[in-house]
Amino acid sequence: IRGDDYIESAADAITFDHVGGLADVKKVIDRLIVQPLRRPDLFEKYGKSAGGGVLLFGPPGCGKTLIARATAGEVGLPFYNLRVEDIVDPYFGVSEQRLAQAFESARELRPCILFIDELDALGYARSQQRSERGRALVEVLLTQLDSIGSDNEGLLVLAASNEPWDIDGALLRPGRFDRTIFVPPPDDEARTAILTRGLGRTPNTGLNIKAVVKQTQLFSGADLRDLLNRAIEEVLEQAMSSGAEPPLTQAHLDIALTNARATTMTWLHRARNHADFGNIGGRWDEVLKYLKTRTVAKQLRNQDLT
């Protein structure tokens, strides 16, 4: 694996300003990662340095990768994006070798952020694995995180997972991915930003974004982009049949909304089961708190009844 194949260039860098809403998530990341890098003297005085691992988890399509990229942009660090497909190989020993090589390439870039997407695929719980090959990959990952035979100072490891309950428990211990941050579906502010930016240069008139935001509770960012695509398809069909170039209107969005659904509901139901029956050591306290909020609890009850 050549390191420069996976590094995001400075021209592509984004910051927290590009991430609408999610103030609580950004606040935690700022304290854990951004400020230690911006004010190293202060943190060193208190015996705290930048480094370690942070796991972002939550429903698919809710911006975990975007937040990781924005974190790198906030501190001006290279962003080394490591994907499962870059590592996993059917031949014996190749996956482990690629994973170790990826960490070594990231160390050469220090300080930098190494982002591991779909951590559950690389770090699937060994107790649930039938093959020794899967266990070996987890053990290599543990070795790299513990920096045995190497040095991880200045290497900040961020990871994302849609299935955090499948991750090997050893990866979530202190010194590894001991900090976990729940990334929920976008809140009102975030949905407003996603919809506004998603419209881009699309000609429009008379849109009631506030009404759309109200009707898209628990929609993921991906769900919202799909909603806009459906609305744009409606106006394009009208344009092609009429020969005119009408603007996108609220009527087009209303039609799109009739077929739109929050895909996060499946994840939230699964998360509720794990949080209710497997909340060992308070690991899923954040999720439980979110599930008990009025909006989420009501949506889950309604779906239970259907």
Side-chain angles (χ1 to χ4, degrees), residues 1-10 12-16 19 25-26 28-38 40 49-58 63-89 94-124 137-162 164 167-168 170-181 183:
I1 297 176
R2 291 177 55 238
D4 54 359
D5 290 338
Y6 306 98
I7 304 167
E8 186 169 288
S9 68
D12 296 325
I14 63 172
T15 66
F16 286 163
V19 181
V25 174
K26 289 186 280 190
V28 174
I29 293 178
D30 182 73
R31 174 170 51 83
L32 292 177
I33 297 177
V34 176
Q35 292 306 321
L37 287 167
R38 286 182 176 169
S49 60
V54 176
L55 171 65
L56 305 172
F57 73 94
K64 295 183 289 295
T65 301
L66 180 67
I67 291 169
R69 288 175 55 209
T71 302
E74 281 288 313
V75 290
L77 292 182
F79 181 71
Y80 191 106
N81 189 3
L82 185 62
R83 299 165 301 181
V84 173
E85 56 264 34
D86 301 326
I87 299 300
V88 176
D89 188 275
V94 175
S95 299
E96 296 89 326
Q97 182 180 10
R98 286 180 176 177
L99 182 58
Q101 187 179 349
F103 268 84
E104 195 56 43
S105 297
R107 290 187 187 101
E108 293 175 2
L109 294 169
R110 291 177 297 175
C112 81
I113 288 180
L114 171 62
F115 177 64
I116 305 175
D117 201 3
E118 297 181 73
L119 179 65
D120 47 279
L122 294 178
Y124 190 73
L137 191 59
V138 175
E139 287 160 7
V140 170
L141 185 54
L142 289 169
T143 298
Q144 294 302 321
L145 290 170
D146 290 342
S147 66
I148 297 174
S150 56
D151 179 14
N152 281 346
E153 184 177 353
L155 179 64
L156 293 102
V157 186
L158 285 177
S161 174
N162 299 330
I167 295 174
D168 193 282
L171 288 167
L172 303 176
R173 292 174 187 164
R176 295 162 183 166
F177 291 105
D178 51 329
R179 299 301 182 99
T180 57
I181 302 175
V183 182

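Counting begins at 1 with the first residue of the sequence.
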With rounding to the nearest 0.5 Å, note down the distance linking [atom1] in [X] to [atom2] in [Y].
{"X": "Glu74", "Y": "Thr15", "atom1": "CD", "atom2": "OG1", "answer": "5.0 Å"}
{"X": "Leu99", "Y": "Leu82", "atom1": "CG", "atom2": "CG", "answer": "6.5 Å"}
{"X": "Arg38", "Y": "Asp30", "atom1": "CZ", "atom2": "CG", "answer": "6.5 Å"}
{"X": "Ser161", "Y": "Leu119", "atom1": "OG", "atom2": "CG", "answer": "6.0 Å"}
{"X": "Glu118", "Y": "Ile87", "atom1": "CD", "atom2": "CD1", "answer": "12.5 Å"}
{"X": "Glu96", "Y": "Leu122", "atom1": "CD", "atom2": "CG", "answer": "11.0 Å"}

What residues form a ring-ring contact (aromatic ring centres under 6.0 Å, His included) with Phe115, not counting sequence neighbours?
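Scan of Phe115 (ring-ring contact (aromatic ring centres under 6.0 Å, His included), adjacent residues dropped) gives Phe79.
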Tell me if a side-chain donor or acceptor on [X] pairs with a main-chain N or O of [Y] at a distance below 3.5 Å.
{"X": "Arg110", "Y": "Arg107", "answer": "yes"}
{"X": "Arg176", "Y": "Ala170", "answer": "yes"}
{"X": "Lys64", "Y": "Val183", "answer": "no"}

Nearest heavy-atom neighbours spanning [X] and [Y]:
{"X": "Ala106", "Y": "Cys112", "result": "O-SG, 3.3 Å"}
{"X": "Val84", "Y": "Asp117", "result": "CG2-O, 3.5 Å"}
{"X": "Val88", "Y": "Arg98", "result": "O-NH1, 3.8 Å"}
{"X": "Lys26", "Y": "Phe16", "result": "NZ-O, 3.5 Å"}
{"X": "Asn162", "Y": "Gly58", "result": "OD1-O, 3.3 Å"}
{"X": "Pro111", "Y": "Pro78", "result": "O-CD, 3.4 Å"}

With a 4.5 Å heavy-atom cut-off, do [X] and [Y] have their side chains touching?
{"X": "Leu137", "Y": "Tyr124", "answer": "no"}
{"X": "Leu77", "Y": "Thr71", "answer": "no"}
{"X": "Ile67", "Y": "Ile181", "answer": "no"}
{"X": "Phe177", "Y": "Leu145", "answer": "yes"}

If you apply the rule side-chain contact (heavy atoms from CB on, under 4.5 Å), what do you find for Ile29 with Leu158, and how did you get there?
CA-CA 10 Å; Ile29 293 178; Leu158 285 177; 5.8 Å; no
Going through the distances and angles, do Leu109 and Leu114 end up as a side-chain contact (heavy atoms from CB on, under 4.5 Å)?
CA-CA 10 Å; Leu109 294 169; Leu114 171 62; over 6 Å; no
Given Leu141 and Ile116, is the side-chain contact (heavy atoms from CB on, under 4.5 Å) satisfied, shown in steps?
CA-CA 11 Å; Leu141 185 54; Ile116 305 175; 4.2 Å; yes
Do other residues, nucleotides or ligands put more than 12 heavy atoms under 6.0 Å from the CZ atom of Arg179?
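Atom CZ in Arg179 is not crowded, with 12 or fewer foreign heavy atoms closer than 6.0 Å.
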Does atom CD of Gln97 have more than 12 heavy-atom neighbours, drawn from other residues, nucleotides or ligands, at distances under 6.0 Å?
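Atom CD in Gln97 is not packed in, count stays at 12 or less.
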Give the intermediate values and the outcome of side-chain contact (heavy atoms from CB on, under 4.5 Å) for residues Phe57 and Ile167.
CA-CA 11 Å; Phe57 73 94; Ile167 295 174; over 6 Å; no
